[in-house]
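Residue numbers start at 1 and run along the sequence shown.
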Amino acid sequence: MKLIKLYSDTCGPCKVLENNLKKSKIEYDSINITSKEGEELIEKYDIKAIPTLLVIDDNGLVSKRTGILTVEGIKAFVNETN
């Protein structure tokens, strides 16, 4: 499974989520929504707002959450998808 954060450089909540992800010490990838890959993910998974966390496995989307999550919330989100 892979955790992906979709973000924008100008998004304040994205920066808060980034700090919380770093504190959680969970491995993740960050993808800017303005990149080609970001645009593809937005369309593929019907993303309406950022920041959004995606959990993806070999079969596709497992779960997604939008908005700021606390460190504990991030850990709970990742644990419920395992």
Side-chain angles (χ1 to χ4, degrees):
M1 286 206 212
K2 180 186 251 185
L3 179 64
I4 298 171
K5 177 191 74 164
L6 292 172
Y7 75 99
S8 168
D9 291 330
T10 59
C11 169
C14 296
K15 293 173 184 172
V16 174
L17 181 61
E18 175 72 17
N19 287 333
N20 290 345
L21 280 162
K22 286 179 181 176
K23 290 177 187 174
S24 75
K25 299 186 183 193
I26 294 173
E27 189 174 318
Y28 64 97
D29 292 328
S30 292
I31 299 175
N32 193 308
I33 60 166
T34 61
S35 70
K36 183 174 176 16
E37 186 178 9
E39 290 173 0
E40 290 170 358
L41 289 172
I42 285 171
E43 185 175 325
K44 184 174 183 176
Y45 297 121
D46 195 31
I47 305 301
K48 302 291 186 200
I50 54 170
T52 294
L53 291 177
L54 305 173
V55 175
I56 298 174
D57 67 10
D58 293 337
N59 297 315
L61 182 67
V62 175
S63 189
K64 71 179 174 181
R65 288 286 192 310
T66 299
I68 299 171
L69 295 175
T70 63
V71 173
E72 295 79 18
I74 293 166
K75 289 178 180 178
F77 171 61
V78 170
N79 287 334
E80 72 188 31
T81 60
N82 286 331

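Here NZ of Lys64 is found 11.0 Å from CG of Leu41. Values are rounded to the nearest 0.5 Å. In this structure, NZ in Lys15 is found 8.0 Å from SG in Cys11, a value given to the nearest 0.5 Å. Here the CD1-CD1 distance, from Ile50 to Ile42, works out to 7.5 Å after rounding to the nearest 0.5 Å. A distance of 8.5 Å separates OG1 of Thr10 from CG of Asn32, quoted to the nearest 0.5 Å. With rounding to the nearest 0.5 angstrom, the CD1 atom of Ile74 is 13.5 Å from the NZ atom of Lys25. The line from CG of Asn20 to NZ of Lys22 is 11.5 Å long, rounded to the nearest 0.5 Å.
Paired with Leu54 under the rule side chain to side chain contact (heavy atoms under 4.5 Å, CB included), one option of Leu3, Ile31, Ile47 passes, and it is Ile47.
Both Leu69 and Val78 are assigned to one and the same hydrophobic cluster, defined by single-linkage of ILVMFWY side chains at heavy-atom distances under 4.5 Å. Neither Leu21 nor Val71 shares a network with the other; the hydrophobic side chains, linked directly or stepwise wherever heavy atoms of I, L, V, M, F, W or Y lie under 4.5 Å apart, form separate groups for each. A chain of hydrophobic side-chain contacts below 4.5 Å, direct or via other Ile, Leu, Val, Met, Phe, Trp or Tyr residues, connects Tyr45 to Ile33.
Closest heavy-atom contact between Ser35 and Gly38: OG-N, 3.0 Å. For the pair Ile68 and Pro51, the tightest heavy-atom approach, listed with the atom from each and the gap, is N-CG, 4.4 Å. Listed here is the closest heavy atom pair of Glu18 and Ser30: OE1-OG, 3.7 Å.
With a 4.5 Å cut-off on side-chain heavy atoms, Glu72 and Phe77 do not count as touching. Put simply, the side chain of Leu17 reaches to within 4.5 Å of the side chain of Lys5, judged on heavy atoms. Put simply, the side chain of Val62 reaches to within 4.5 Å of the side chain of Met1, judged on heavy atoms.
Heavy atoms of other residues, nucleotides or ligands lying less than 6.0 angstrom from CD of Glu80 number more than 12.
Between Glu39 and Lys44, no side-chain nitrogen of the basic residue sits less than 4.0 Å from a carboxylate oxygen of the acidic one, so the salt-bridge criterion is not met.
The backbone N or O of Ile4 lies less than 3.5 Å from no partner atom in the side chain of Asp29, so there is not a single donor-acceptor pair.
Between Thr66 and Thr52, the side chains place a donor N or O and an acceptor N or O closer than 3.5 Å (distance only, hydrogens not considered).
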